[in-house]
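Counting starts at 1 for both ligands and their atoms, following the listed order.
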Amino acid sequence: MTEAKQWEMVVVDQDICIGCNACVAACPYQALEMDQENKAALIFDKCKDSFDCIPVCPVTCIWKSGEAPEESKEKEGWVHFSKPREQLTEEEKKLYDEWKAKYGIRHS
Ligand code: SF4
Ligand code: SF4
């Protein structure tokens with residue numbers, strides 16, 4: 001089993017995010033960044049489940065994947081890879097699909 005298969009990662013509800021940047025600053029692995037809309041986005045393959053980002057969010061819009069509200073898990077935009085999707089290895093695509101299935105993530 002690779003390390004990545006143990007990851008739970010986090011869900012960010014960008015509709016609630018106020019763009020304060022606190023989670024980006026708190027992440028020890030540079031796994032969060034602000035997108036073009038100034039909303040926090042998770043970089044899937046950098047997250048290592050430290051969960052330092054969760055308590056610093058002033059509007060409580062970050063959760064562990066398994067604890068996030070169903071409507072938040074359906075939304076797009078809050079997660080991406082550090083490289084273009086067409087450059088993902090088959091193993092990375094498989095890990096992503098397994099993670100989505102395990103935690104009920106339904107966006108593409
Ligand atoms: S869970 Fe940890 S590694 Fe992942 S985004 Fe949050 S602070 Fe970063
Ligand atoms: S800490 Fe919360 S409100 Fe601030 S940027 Fe991160 S997700 Fe958005």
among protein heavy atoms, the one nearest atom 8 (Fe) of ligand 1 is C27 SG, 2.3 Å
of all protein heavy atoms, closest to atom 4 (Fe) of ligand 1 is C47 SG, 2.4 Å
Under 4.0 Å from one or more heavy atoms of L42, ligand 1 contributes atoms 5 (S)
Minimal heavy-atom distance between A68 and W63, with the atoms involved, is CA-CB, 3.7 Å
One finds that the ligand 2 atoms under 4.0 Å from a non-hydrogen atom of V59 are 3 (S)
Logged contact type for I54 with ligand 1, heavy-atom cut-off 4.0 Å, is neither
Residues passing the side chain to side chain contact (heavy atoms under 4.5 Å, CB included) test with E76, sequence neighbours excluded, are H107, S108
All heavy atoms of F44 vs all of W7, minimum pair found to be O-CZ3, 3.8 Å
Sorted by chain and residue number, the side chain to side chain contact (heavy atoms under 4.5 Å, CB included) partners of C47 (sequence neighbours excluded) come out as M9, A31, L42, D49
Smallest heavy-atom separation, I62 atom then C53 atom, equals CD1-O, 3.6 Å
Margin query: With a 4.0 Å cut-off on N to O distance, would you call K83 and E92 a salt bridge?
Written below: yes
Note: S50 and P28 closest approach over all heavy atoms is OG-CD, 3.7 Å
Residue, atom and distance of the protein heavy atom nearest atom 2 (Fe) of ligand 1 read S50 OG, 2.3 Å
Presence of salt bridge, R106 and E74, under 4.0 angstrom:
yes
For Y29, the ligand 1 atoms with a heavy-atom partner under 4.0 Å come out as 3 (S)
Per-atom filter on ligand 1: closer than 4.0 angstrom to a heavy atom of A31 are 5 (S), 8 (Fe)
For P58, the ligand 2 atoms with a heavy-atom partner under 4.0 Å come out as 1 (S)
Within the 4.0 Å heavy-atom cut-off, what F51 brings close to ligand 1 is both
Excluding water, the protein N, O or S atoms sitting under 2.8 Å from atom 6 (Fe) of ligand 2 are C23 SG
Applying side-chain hydrogen bond (donor to acceptor under 3.5 Å, both in side chains) to N38 and not counting sequence neighbours gives none
Atom 3 (S) of ligand 1 has as its nearest protein heavy atom K48 N, 3.3 Å
Notebook entry, point to check: Mind checking whether V10 and Y29 sit in one hydrophobic cluster, side chains of I, L, V, M, F, W, Y counted as touching below 4.5 Å?
Noted result: no
* Asked: Cation over ring, K64 on F51, under 6.0 Å and within 45°?
  -> yes
